[in-house]
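Order of listing sets the numbers, starting from 1, for every ligand and every atom in it. Index from 1, following the sequence.
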Amino acid sequence: PETITIQELANRMAERAVDVIKLLMQQGQMLKINDVIDADTAELIANELGHTVKRVSEADVEEGLYGEPDDPADLVPRPPVVTIMGHVDHGKTSLLDALRETNVVAGEAGGITQHIGAYQARTPSGDVITFIDTPGHAAFTSMRARGAKVTDIVVLVVAADDGVMPQTVEAINHARAANVPIIVAINKMDKPDADPGRVRNDLLRYEIVVESLGGETLEVEVSALKRMNLDKLLEAIHLQAEVLELKANPNRPAEGVVVEAKLDRGRGPVGTVLVQRGTLKVGDVLVCGAEWGKVRALIDDKGDNVDSAGPATPVEVLGLDGTPEAGDRFAVVDSEARAREIAAYRQRKKRERQHARGVGAKTSLEQMMS
Ligand code: GTP
Ligand code: MG
């Protein structure tokens, strides 16, 4: 059932909480400011105080914000979004760094000035690839659990001197569960004890048959350290992406997912988002998890201000009223009023969840003590 605290109800009506409490008392309810009342009672009180009520139901909020499919005629090709996964120390970060620097060398002089948790690289033939830098396995799973399918392709990094390890298997399972194709990057090929054959064989046990063993999974032997075969890896990603025929409609209000968020001292809340559909523009009003904002600035992965960001583009968003959470979805809405309404609704839901958790924890603690 829908509920609201007395404080929040008062806030929304711009009335004093004490007046709400008085009215409730007249109806025989003795409640305090942080107590929760149901939607019907809240509506009664609001009417009593001369306000008209417009209820925002869960469906109102969630549907219509996301999910209406695009007309196929409006879809155009978009870059693939790639996540790098693998066992601890197998070279995920090194590989991302190497790919990023390769991109700088091939692309803009001056290069990357900051790290935003997601960035774009170019293949030798000029195709753009979007890399997401954050997800560890846990983040990947939690994003998926929240309905944010972020990645199109997983690059599975396996160190040639170490072979398939527990987190390699975890990554395979995550990719499978998400129904995302895997490209195997056999890393650390520069090491004297590198044994790529063993990696290939190990993978067979998990039903990954790489191309050189007659299977369909693309594989590339690389060295992040020596920058060996990075172009080949980018091309493999491009090839895989072509098979997927990734498309999106750039001409609609933007939707996407928060990859990373932080509270910056000078700039306020900063969300790194990945646009998944539509085009995000400066001046757009968006809801982002339980926060909302009017886009004050968009900053790309090179640290440059941009006016807009289309599908599969990562950008930093400035102008949010609070810090969202990684994995939160965002959507552009048509008015500030609507954005506020949805954000307030979600804030309330969030508090209710937190409250429920708090109560649960207390109960179990009490049980433990008795
Ligand atoms: P976690 O984030 O801790 O899971 O590790 P990671 O997978 O990101 O590995 P990281 O890139 O931090 O590399 C781990 C170690 O392996 C570092 O000491 C790297 O210098 C080394 N390393 C990474 N790639 C290569 C490579 O291609 N060759 C060699 N010889 N060493 C490498
Ligand atoms: Mg790392």
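For atom 9 (O) of ligand 1, the closest non-hydrogen atom of the protein is G91 N, 3.1 Å. Atom 27 (O) of ligand 1 has as its closest protein heavy atom A224 N, 2.9 Å. Protein heavy atom in closest approach to atom 6 (P) of ligand 1: K92 N, 3.4 Å. From the protein, the heavy atom lying nearest to atom 19 (C) of ligand 1 is S94 OG, 3.8 Å.
Of the possible polar contacts, one joining the Q120 side chain to the A312 backbone as a donor-acceptor pair under 3.5 Å is found. Distance alone, capped at 3.5 Å, places no donor-acceptor pair between the R329 side chain and the V287 backbone. R346 contributes a side-chain N or O that, together with a main-chain N or O of G289, makes up a donor-acceptor pair within less than 3.5 Å.
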For side chain to side chain contact (heavy atoms under 4.5 Å, CB included), just list the numbers for L99 and I84, CA-CA rounded to whole Å, side-chain angles, deciding distance to a tenth of an Å, and then say yes or no. CA-CA 11 Å; L99 288 167; I84 303 216; 4.3 Å; yes
Worked verdict on S94 versus D97 for side chain to side chain donor-acceptor pair (under 3.5 Å): CA-CA 5 Å; S94 303; D97 287 348; 6.0 Å; no
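Checking each of T313, L274, V150 against T130 for a side chain to side chain contact (heavy atoms under 4.5 Å, CB included) leaves exactly one that passes, namely L274.
Transitive grouping of hydrophobic side chains (ILVMFWY, heavy atoms separated by less than 4.5 Å) keeps L95 and V88 in distinct clusters. Linking ILVMFWY residues whenever their side-chain heavy atoms come closer than 4.5 Å, directly or via other members, leaves M165 and I186 in distinct clusters.
A donor-acceptor contact closer than 3.5 angstrom is absent between the side chains of H90 and N187.
The closest heavy-atom contact to atom 30 (N) of ligand 1, among the options D190, V222, I84, comes from D190.
Contacts of L225 with ligand 1, taken as heavy-atom pairs under 4.0 Å, involve both backbone and side chain. Here D89 has heavy atoms under 4.0 Å from ligand 1 in both its backbone and its side chain. Both the backbone and the side chain of K188 come within 4.0 Å of ligand 1, counting heavy atoms alone.
Taking a 4.0 Å cut-off on heavy atoms, H87 registers as neighbouring ligand 1.
Within a radius of less than 2.8 Å around the Mg ion (ligand 2), the protein N, O or S atoms are T93 OG1.
Those atoms of ligand 1 with a heavy atom of K191 less than 4.0 angstrom away are 30 (N).
For atom 23 (C) of ligand 1, a protein heavy-atom neighbour is present inside the 4.0 Å cut-off. Under the 4.0 angstrom criterion, atom 1 (P) of ligand 1 counts as having a protein heavy-atom contact.
Here the CG atom belonging to L298 is positioned 10.0 Å from the CD atom belonging to E316, to the nearest 0.5 angstrom. Distance OG1/T151 to CD1/I132: 6.0 Å, rounded to 0.5 Å. Between the CD atom in E255 and the CZ atom in R277 there is a gap of 4.0 Å [rounded to 0.5 Å].
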